[in-house]
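Beneath this line is the structure, given in structure tokens, with notes to follow.
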2 protein chains.
Amino acid sequence: MDQNLSNLDWSLIRAFLAVAEEGSLSGAARRLRASQPTLGRQVKAIEDALSAKLFARHARGLALTDMGEAILPAARMMAAAMNEIRLTAAQQETEVTGTVRITSSVNVSHALLPRVLAEARRTYPGIQLELVPNDDSENLLYGESDIAVRMYRPTQNDLVTKFVGDFEIGLYGAKRYLDKKGRPSNIDEIMALDLVGYDADERIIAGLARYGLTVDRLAFMTRCDEPLTQWQLIREGCGVGFAPCIVGDADPLVERIPLPVDVPGLPMWLTTSKAMRHTPRIRAIWEIMSRELA
Amino acid sequence: MDQNLSNLDWSLIRAFLAVAEEGSLSGAARRLRASQPTLGRQVKAIEDALSAKLFARHARGLALTDMGEAILPAARMMAAAMNEIRLTAAQQETEVTGTVRITSSVNVSHALLPRVLAEARRTYPGIQLELVPNDDSENLLYGESDIAVRMYRPTQNDLVTKFVGDFEIGLYGAKRYLDKKGRPSNIDEIMALDLVGYDADERIIAGLARYGLTVDRLAFMTRCDEPLTQWQLIREGCGVGFAPCIVGDADPLVERIPLPVDVPGLPMWLTTSKAMRHTPRIRAIWEIMSRELA
DNA sequence: TCTGATCCATTCATTTATGAATATTCAGTC
DNA sequence: GACTGAATATTCATAAATGAATGGATCAGA
């Protein structure tokens, strides 16, 4: 309302940028960990202040107008400067304290990281840890997290990556279920079983396709997007599905189903930004994760 | 407290920059039109988020630490980007509407601008005007105001200036006062009168010094920093003092005291930033001020 | 045409930030 | 050494921003 060109809150530009890049208020809200109404109001505040429409409201989200496109480069420059501030501040740190934010897939977070992070906590009690189990890939460059475990090698320029090992995946079924349905001895018998899974298995499906096993979404008789719940479904006998070997092999309720083709493990790449690489707290956690995940 | 490196409010950087440049919380508060406690809290919030001291608290204000110096360039870059956004937005304007913010000295604001701005309002009813009477020189480049009337020619690079005329100044005294004390006929008699004035007369004093008339602060028997109140003091007979001729000549209570030397008028320079020069609303007000002040 | 999903706008109770007033600190000056 | 002036901290009542819940609109797919 009484927002004026001269005293436009800088943080509104952050909101603008998030909405522009995500393409929706809801998406931007998720990225900034705010709510959708908040982002909506902030966008309106910027538009009032600049007295120009920056977005065209669309049913599927918000699209930039010419005016929005015009200020986008400067907004990006602000984000870059802000990031510069963060990096500068981090580089001046000398103590092994602070918070390290780690992103990784839900499965890795659940199956591998707890042990690793417990070790990290014991070694560096001064470092607070934040674990974000998330199957999408957040952007490390904007400081949204410090270290990521990725199942592919990131190619961006300002990142450093290190291969730490394979994340073994196997096909499992509940003993009770297999007792009833019979243990499959060839590929056709496997395909005849009830499959449990969904989106998160995309990479596995892609891998299988390379060996001539085509599976589409409808092949899954039980579908669940949440990997941990999916695993419970398998354990209780809804059908068979893929899971980390480290989880499956340790569970007395299930057993591994031998596959005719050799499904390779998913490569795990430890990732951080070059600029943060040498800050004490990041380096400390990096070393532990690198050693313990190997 | 729970402020984290990754979700540091961008507007806090604006606060940091203002405090760094002004050298005090109070100064920064004035610049940003906020309060001193607010700035204090915001600075603390940044320091918490970066977990580093950015300022050394001093009795005379806050001085940057090494850490603060380190992030200053990036903060300036953010400010530049923010300014870029403002300029881009302004340049896309096509309508003669919006707000124009004008800065000028208290005397000029009081004596000349009301008539000029009234004319502007009549001509462009869609433009809202904001007048900031202020004897210090605010920075036009950071968008704190759009047009300034300066008593000197600004030399900064990205500004455009135009000489619009002289602001005539004369020495005045209340008739009642002069009846009692007698009308001075030479410089010594003038100096024997009670002088009313203070800081704001600096430029006049400097001008007089060039003619061999040295006056120091203690020569003013009645002192007041507020030019308008100062004028009331003169009108009521506290003594004689300098005032704009346009005010003094129109007031029946006072009369002008002829000076043996010719005190030149103060040159008035209309100033705006190059980038804003061609936006419709600025151009419109500029033209009117340029014509009416001549 | 209908259904499900996704997104934006609005409302209202709650949390958070703000500023006026006041106390406190500190360097410079007589 | 006390005083002055200009600054920073603190307190508390008020104003502003936030988010959960809800309603409404639009598009994709059956």
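A note on names: the letters A, B, ... follow the listed sequences, proteins ahead of strands, and every chain is numbered from 1. The structure displayed is predicted, hence computed values, not measured ones. Computation of the quantities below employed the complete heavy-atom set of this structure, encompassing side-chain atoms and omitting hydrogens, waters and symmetry-equivalent molecules.
- D:dA17 atom C1' lies 15 Å from atom CD1 of A:I46, rounded to whole Å.
- Side-chain contact check for B:L131 versus B:T103: every heavy-atom pair is 4.5 Å or farther apart.
- At the heavy-atom level, A:G40 lies nowhere under 4.0 Å from the strands shown.
- Proximity note for B:P37 (side chain, C-beta onward) versus D:dT10, D:dT18, C:dC7: the nearest is D:dT10.
- Distance CZ (B:R30) to P (D:dA6): 10 Å, rounded to an integer number of Å.
- Summarising the geometry, the separation between CG on B:L12 and C1' on C:dT16 is reported as 14 Å, rounded to the nearest angstrom.
- Remark: the B:R33 side chain and the C:dG19 base include no donor-acceptor N/O pair separated by less than 3.5 Å.
- With D:dT8, C:dC8, D:dT18 as the choices, the nucleotide that has an atom nearest any side-chain atom of A:Q42 turns out to be D:dT18.
- One can place CG of A:L62 at 14 Å from P of D:dC27, the figure rounded to the nearest angstrom.
- Regarding B:K44, its NZ atom lies at a distance of 8 Å from the C1' atom of D:dA9, rounded to whole Å.
- Considering only heavy atoms from C-beta on, B:W10 stays 4.5 Å or farther from B:M82 through its side chain.
- Side-chain contact between A:D146 and A:I102: absent, with no pair of heavy atoms (C-beta onward) separated by less than 4.5 Å.
- Residues B:R86 and B:N83 meet the side-chain proximity criterion, which asks for heavy atoms closer than 4.5 Å.
- Note on B:S35: every side-chain N or O is 4.0 Å or more away from OP1 and OP2 of C:dT18.
- Note: CG (B:L32) to P (C:dA17) measures 17 Å, nearest angstrom.
- Side-chain to base pairing of A:Q36 with C:dA9: one donor and one acceptor N or O lie within less than 3.5 Å of each other.
- At whole-Å resolution of the value, CG in B:L25 and P in C:dA20 are 16 Å apart.
- Each of A:H58 and B:G27 was matched to the nucleotide of DNA chain D holding its nearest heavy atom; the match closer to the 5' end belongs to B:G27.
- Atom CG in A:L39 sits about 12 Å away from atom C1' in D:dG19, given to the nearest Å.
- A close approach under 4.0 Å does not occur between any side-chain nitrogen or oxygen of A:T38 and OP1 or OP2 of D:dA17.
- Base contact: B:S26 has a heavy atom under 4.0 Å from a base atom.
- Within 4.0 Å (heavy atoms only), B:R41 reaches at least one base atom of the nucleic acid.
- Between A:R57 and C:dA9 there is a side-chain polar atom (N or O) within less than 4.0 angstrom of OP1 or OP2.
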**Report entry** Derivation and outcome, side chain to side chain donor-acceptor pair (under 3.5 Å), residues A:S105 and A:N107
**Finding:** CA-CA 5 Å; A:S105 72; A:N107 269 329; 5.9 Å; no
